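Keep in mind the model is a prediction, meaning the values are calculated, not measured. All heavy atoms count here, side chains included; hydrogens, waters and symmetry mates do not. When a residue number appears, it is its place in the shown sequence, counting from 1.
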Amino acid sequence: MSVVGFIGLGNMGGPMAANLSKAGHEIKGFDVSAAAIEAAGKAGIACSASAVAVADGADAVITMLPSGQHVRDVYLGADGLIAAARPGTLFIDSSTIDVETARQVGAAAAEAGMEFLDAPVSGGVGGAAAGTLTFMAGGTAESFERAKPLLEKMGGKIVHCGDAGAGQAAKICNNMILGISMIGVCEAFALAEKLGLSHQSLFDVASTSSGQCWSLNSYCPVPGPVPNSPANRDYQPGFATALMLKDLKLSQAASQAAGASTPMGGLAAQLYSLHAGNGQAGTDFSSIIKLLRGTAS
């Protein structure tokens, strides 16, 4: 099996790296968090002293980082991965970042004789642990085929979306749909409450008729109808409000750059910004029903 470097061993990256280790790959990990390194060690992952050290001797390096700036720093700095890694190294960035950064890093990797795939994920912490993530990949067909055996150890669905940046484009478009649809579902339940309609009655009707969508059927924002939804755990994430807001902001930046009209996406970003400002940044994004009810907590 190959040697794989993994940079970013937090809530998502840690379980992803652990699944690669379970599949027989030698994992060299790194994270700036001592707690993440300790957890990785318990999962049998050996950690290196720096991000650059992870790339030494690795056939592939996977990154799961918080923002585009972190990705640029790790890959493009004078002592970054592209400068340090050997030619032919495969880079897979599973962070959710702006499209332009993904394209910039992809171009720099290609110029240095390396391969790069932007491959953000959907499926949350549960999907990372279970190895059922959906990967949306952007890069050359050759890079995708080389990365696919690794991605299959961490995910249940792997989609090649196009050239560098296409994975990020798919991710932010998908999550814009998710953010908008969740607000619509929450509005409907808030209205139903005012009209005296029970949660279960609305769910039974809408989940089997024209109102059905993932936000309703699989992630219902009120307790009861969908037992596994965060609404039954006092909105413990899941997918935090702060992360939804981040993705909606990315969608609006991309919309502005591309000259696209996304008024609903813009309104969703405003509402999630208000909700996060009300002390709900760390709760699941479906908790936005509290804002729509007029209750901050």
Side-chain angles (χ1 to χ4, degrees), residues 10-12 64-72 93-103 118-128 133-136 138 159 161 165-190 213-216 218-221 229-231 235-294 296-297:
N11 291 336
M12 293 293 293
M64 176 61 88
L65 302 168
S67 71
Q69 185 60 58
H70 292 96
V71 171
R72 289 190 294 274
D93 180 44
S94 288
S95 318
T96 296
I97 59 172
D98 58 288
V99 174
E100 184 53 38
T101 291
R103 290 173 175 168
D118 56 287
V121 302
S122 179
V125 176
L133 294 169
T134 293
F135 283 88
M136 297 149 268
V159 181
C161 299
Q168 298 296 344
K171 174 65 183 286
I172 61 177
C173 288
N174 177 77
N175 279 19
M176 186 173 71
I177 294 170
L178 177 60
I180 293 169
S181 67
M182 180 56 76
I183 290 171
V185 171
C186 288
E187 285 187 347
F189 274 100
C213 62
W214 188 89
S215 293
L216 172 67
S218 298
Y219 217 79
C220 186
S229 75
Y235 298 103
Q236 297 176 33
F239 186 58
T241 293
L243 295 177
M244 174 54 76
L245 178 58
K246 171 194 169 184
D247 289 358
L248 287 169
K249 286 181 175 179
L250 287 172
S251 78
Q252 293 314 288
S255 172
Q256 185 174 10
S261 177
T262 56
M264 295 297 291
L267 180 57
Q270 292 177 41
L271 291 172
Y272 273 102
S273 181
L274 285 172
H275 189 47
N278 284 337
Q280 300 296 315
T283 63
D284 191 79
F285 80 105
S286 59
S287 68
I288 198 166
I289 193 170
K290 298 177 183 180
L291 179 74
L292 298 171
R293 287 172 175 151
S297 60

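- Listed by chain and residue number, Asp284 satisfy the side-chain hydrogen bond (donor to acceptor under 3.5 Å, both in side chains) test with Ser286 (two or more places apart in sequence, or in another chain).
- Within the model, atoms SG of Cys173 and CG of Asp247 stand 11.0 Å from one another, a figure rounded to the nearest 0.5 Å.
- Residues Gly167 and Pro120 share a closest heavy-atom pair of O-CG, 3.3 Å.
- Taking CG of Leu248 as the start and CG of Asn175 as the end, the distance is 7.5 Å to the nearest 0.5 Å.
- Under the side-chain hydrogen bond (donor to acceptor under 3.5 Å, both in side chains) criterion, Asp93 pairs with Thr63, Ser95, not counting sequence neighbours.
- Residue pairs satisfying the side chain to side chain donor-acceptor pair (under 3.5 Å) criterion with at least one member in residues 235-246, sequence neighbours excluded, are absent.
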Exercise for review: Go through the steps for Phe189 and Leu292 under the test side-chain contact (heavy atoms from CB on, under 4.5 Å), then give the verdict.
Suggested key: CA-CA 10 Å; Phe189 274 100; Leu292 298 171; over 6 Å; no

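- The distance from atom NZ of Lys290 to atom OG1 of Thr283, rounded to the nearest 0.5 Å, is 5.5 Å.
- For the atom pair CG (Leu178) and OG (Ser251), the distance works out to 11.5 Å, reported to the nearest 0.5 Å.
- Under the rule for a side-chain hydrogen bond (donor to acceptor under 3.5 Å, both in side chains), the partners of Arg72 that lie at least two apart in sequence or sit in another chain are Gln69, Thr101.
- Closest non-hydrogen pair, Phe135 versus Ser94, comes out as CE2-OG, 3.6 Å.
- Between Met182 and Ser215, the closest heavy-atom pair is N-OG, 3.5 Å.
- Every residue meeting the side chain to side chain contact (heavy atoms under 4.5 Å, CB included) condition with Ser273, not counting sequence neighbours, appears here in chain and number order: Leu245.
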**Study point:** side-chain contact (heavy atoms from CB on, under 4.5 Å) between Met12 and Leu133, worked out
**Key:** CA-CA 10 Å; Met12 293 293 293; Leu133 294 169; 3.9 Å; yes

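- Of all heavy-atom pairs between Ala231 and Cys220, the closest is CB-O, 3.7 Å.
- For the pair Gln280 and Leu291, the minimum side-chain heavy-atom distance is 4.5 Å or more.
- The side chain to side chain contact (heavy atoms under 4.5 Å, CB included) search around Ile177 returns none, not counting sequence neighbours.
- Two residues are said to be in side-chain contact when any heavy atoms from C-beta on lie closer than 4.5 Å; Met264 and Ile183 fail this criterion.
- Shown here are the ring-ring contact (aromatic ring centres under 6.0 Å, His included) partners of Phe285, two or more places apart in sequence or in another chain: Tyr219, Phe239.
- Looking only at side-chain heavy atoms (C-beta outward), Ile172 and Val99 come within less than 4.5 Å of each other.
- In this structure, the side chain to side chain contact (heavy atoms under 4.5 Å, CB included) partners of Ala281, at least two apart in sequence or on a different chain, are Ala242, Ala276.
- Legend: residues meeting side-chain hydrogen bond (donor to acceptor under 3.5 Å, both in side chains) with Ser218, ordered by chain and number and at least two apart, are absent.
- In terms of the side chain to side chain contact (heavy atoms under 4.5 Å, CB included) criterion, residue partners of Cys161 (sequence neighbours excluded) are, by chain and number, Met136, Val159, Ala166, Ala170.
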Practice item. Walk me through it: do Val121 and Met64 pass the test side-chain contact (heavy atoms from CB on, under 4.5 Å)? Key: CA-CA 10 Å; Val121 302; Met64 176 61 88; 4.0 Å; yes

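- Around atom CG of Asn174, more than 12 heavy atoms belonging to other residues, nucleotides or ligands sit under 6.0 Å away.
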Would you list the atom pairs, donor with acceptor, under 3.5 Å between side chains in residues 254-262 and any protein atom, with sequence neighbours excluded?
unit_1, atom_1, unit_2, atom_2, d
Ser255, OG, Ala260, O, 2.7
Ser255, OG, Thr262, OG1, 3.0
Thr262, OG1, Gln252, OE1, 3.1
Thr262, OG1, Gln252, NE2, 3.3

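- Paired with Val71 under the rule side chain to side chain contact (heavy atoms under 4.5 Å, CB included), one option of Asp98, Asp118, Leu65 passes, and it is Leu65.
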